[in-house]
Amino acid sequence: MAPQTRRMAFPRVVVAPRETDSEQSSSEEEEEEDPLPEYESEPEVENGNGDKVEQKAPITITLKKVCKVCKKAGHEAGFKGATYIDCPMKPCFLCKMPGHTTMTCPHRVTTEHGVIPAPHRNACNPLEYVFERQLRPRIPLIKPAYVIPDQVTCGVIRYHSRRVTCLEFHPTKNNILLSGDKKGQVGVLDYYKTSEKMVYGNIHSCIVNNMRFNPTNDGAIYAASSDGTISCTDMETGISLSLMNLNPDGWQGPSSWRMLYGMDINPEKGVVLVADNCGFLYMVDMRSNSKSGEAILIHKKGSKVVGLHCNPIQPELLLSCGNDHFARLWDMRRLEAGSSLFDLAHRRVVNSAYFSPLSGSKILTTSQDNRLRIWDSIFSNMDTPSREIVHSHDFNRHLTPFRAEWDPKDPSESLAVIGRYISENYNGAALHPIDFIDISTGQLVAEVMDPNITTISPVNKLHPQDDVLASGSSRSIFIWRPKEKSELVEQKDERKIIVCGRAEKKQNRKLGNGSDDSDDDITLKGKNVKSKKSVTKLTPYSRKGKL
DNA sequence: AAAGAATGTCACC
DNA sequence: TGGTGACCCTTCTT
């Protein structure tokens, strides 16, 4: 039999004998799913006496519904309304363990998303001693309560024509947000003055994987792209310089094409660090804008290095992660193949690995095995993570990979934000919230959603100073802010479910007129809607009839 | 309304 | 090791 693919949309045709007096199906498509498994596949049926009788005629053809995941009858995976029913033959889609489905997964029904607690460890090595002496005082002893608003407004910006792949806030100019997309476009937006936005389409020719502002000249943007180049662009003029090109001879076929993924800037050393899809790290001197030194193999040869992060406190520490299932900690003074300080093993691809933003002493990773991992101290035992938190952020080739991001404003370095893959049935709508997680406990502190937003938001960034969250979801960018400053309240023990824009939903849908003029495409819900055309873009409804 | 396309990772040979 | 095909709770266009 030819291999069956998931695309097979129609039920398998089964030739089954039927009782001679059975009714004809009024409609094959409307046939209810059979609650008795395997019934129709039996070659024999019972007569009234319980004897097996071979049926010869007439033969009718029925279309039997089978599960689209396992191709077996008796159940069907997929959306029932706004609730997704898992295939029971598969491991749980959330925690990946067999024996239950997502609906009954213990990590779903509790607010602690399945924390595997850290074993107690003794602090005894010299590095940890230094940490305790020099860095620990920076961290408050008592964790302050998170300040998360009860209500938020959400602005929607649409100027990318392909899905958003990365977001970056300007470090000092408060309202400036950078965005990159799959097509290679780079957007610079002032989200308070929506007319002030620029989209640069000629910097890169495909996916912008990472962007950074130049810390010494914050009008300059560095970007690494799958086109194999790293660019430095003037934010105001869009004038761009290519600092490095891994494909100087152009397209010579997929096997030779090289792409740039992970990127970060080390201001102390004045270098841009960038890594490719073959396991190599490159350094570009920011003064001369030229490559310095040779490429260094930092991950398995031939594997993508998707993330680089320089330690915010100790400039000689570098963190990398990639498709070889490892995050690795490096000493910049001794960067050579195989010389990493620590190799942090994961079960799947590591989408991101970040030092904590203030002390730089913790590490947070996002892996495609649906787990966040936290190492509480890079100066302590690094053999196993301090905590693993089960969270739904699966890989899907059509989505930008999820990355858990620290809240740079949280002095206790324990709040992280990450989009959620699996949907929640919210009043009949399948919504994908954006989760705020206390990574010291695994508790889901808050989940943010909007009935108008039915798409998944894999890209999220918290503002370095303000209470602003930027999300990239498909081609749109969302700016979430507290609805009223006065409504800010301290976080209690229970998680908050923050729903935005609920009342406006139907009104907005009626107003839409389908115009695709994109000059005025930002709207803040909760305030007056500016125009019909902008409202149209507020309603990216899915076609599954979930609303 | 439903099909088609785009197209990373992983297991398997 | 490199090629192949299955997998995936997508999202948008035709």
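Worth knowing before you read on, the calculation uses all heavy atoms, side chains too, and leaves out hydrogens, waters and symmetry mates.
Between A/R420 atom CZ and C/dT10 atom C1' there is a gap of 17 Å when expressed in whole angstrom units. A/R162 places its CZ atom 19 Å from the P atom of C/dT10, with the value rounded to the nearest Å. Across the protein-nucleic acid pair, A/K90 atom NZ and C/dA6 atom P stand 13 Å apart, rounded to whole Å. Straight-line distance from the NZ atom of A/K182 to the P atom of B/dA6: 9 Å, rounded to whole Å. Atom OH in A/Y421 sits roughly 15 Å away from atom P in C/dC7 (whole-Å rounding). Per the geometry, CZ belonging to A/F93 stands 5 Å off C1' belonging to C/dC9, to the nearest Å. In this structure, A/F402 atom CZ and B/dG8 atom P are separated by 16 Å, rounded to whole Å. C/dT10 atom C1' lies 5 Å from atom CG of A/N396, rounded to whole Å.
Contacts of A/K300 classified as salt bridge (Lys or Arg N to Asp or Glu O under 4.0 Å), with partners at least two apart in sequence or in another chain: none. Remark: A/R212 pairs with A/E168, A/D264 by the salt bridge (Lys or Arg N to Asp or Glu O under 4.0 Å) rule, at least two apart or across chains.
A cation-pi arrangement is absent between A/K80 and A/Y84, since the terminal nitrogen or guanidinium carbon is not both under 6.0 Å from the aromatic centre and inside a 45° cone about the axis.
Heavy atoms from other residues, nucleotides or ligands lying under 6.0 Å from CD of A/Q252 number more than 12.
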Could you list all N or O pairs between the protein and nucleotides 9-13 of chain B that sit under 3.5 Å apart?
| from | atom 1 | to | atom 2 | distance (Å) |
| --- | --- | --- | --- | --- |
| B/dT9 | OP1 | A/K304 | NZ | 3.4 |
| B/dT9 | OP1 | A/N323 | ND2 | 2.8 |
| B/dT9 | OP2 | A/K304 | NZ | 3.0 |
| B/dT9 | OP2 | A/N323 | ND2 | 3.0 |

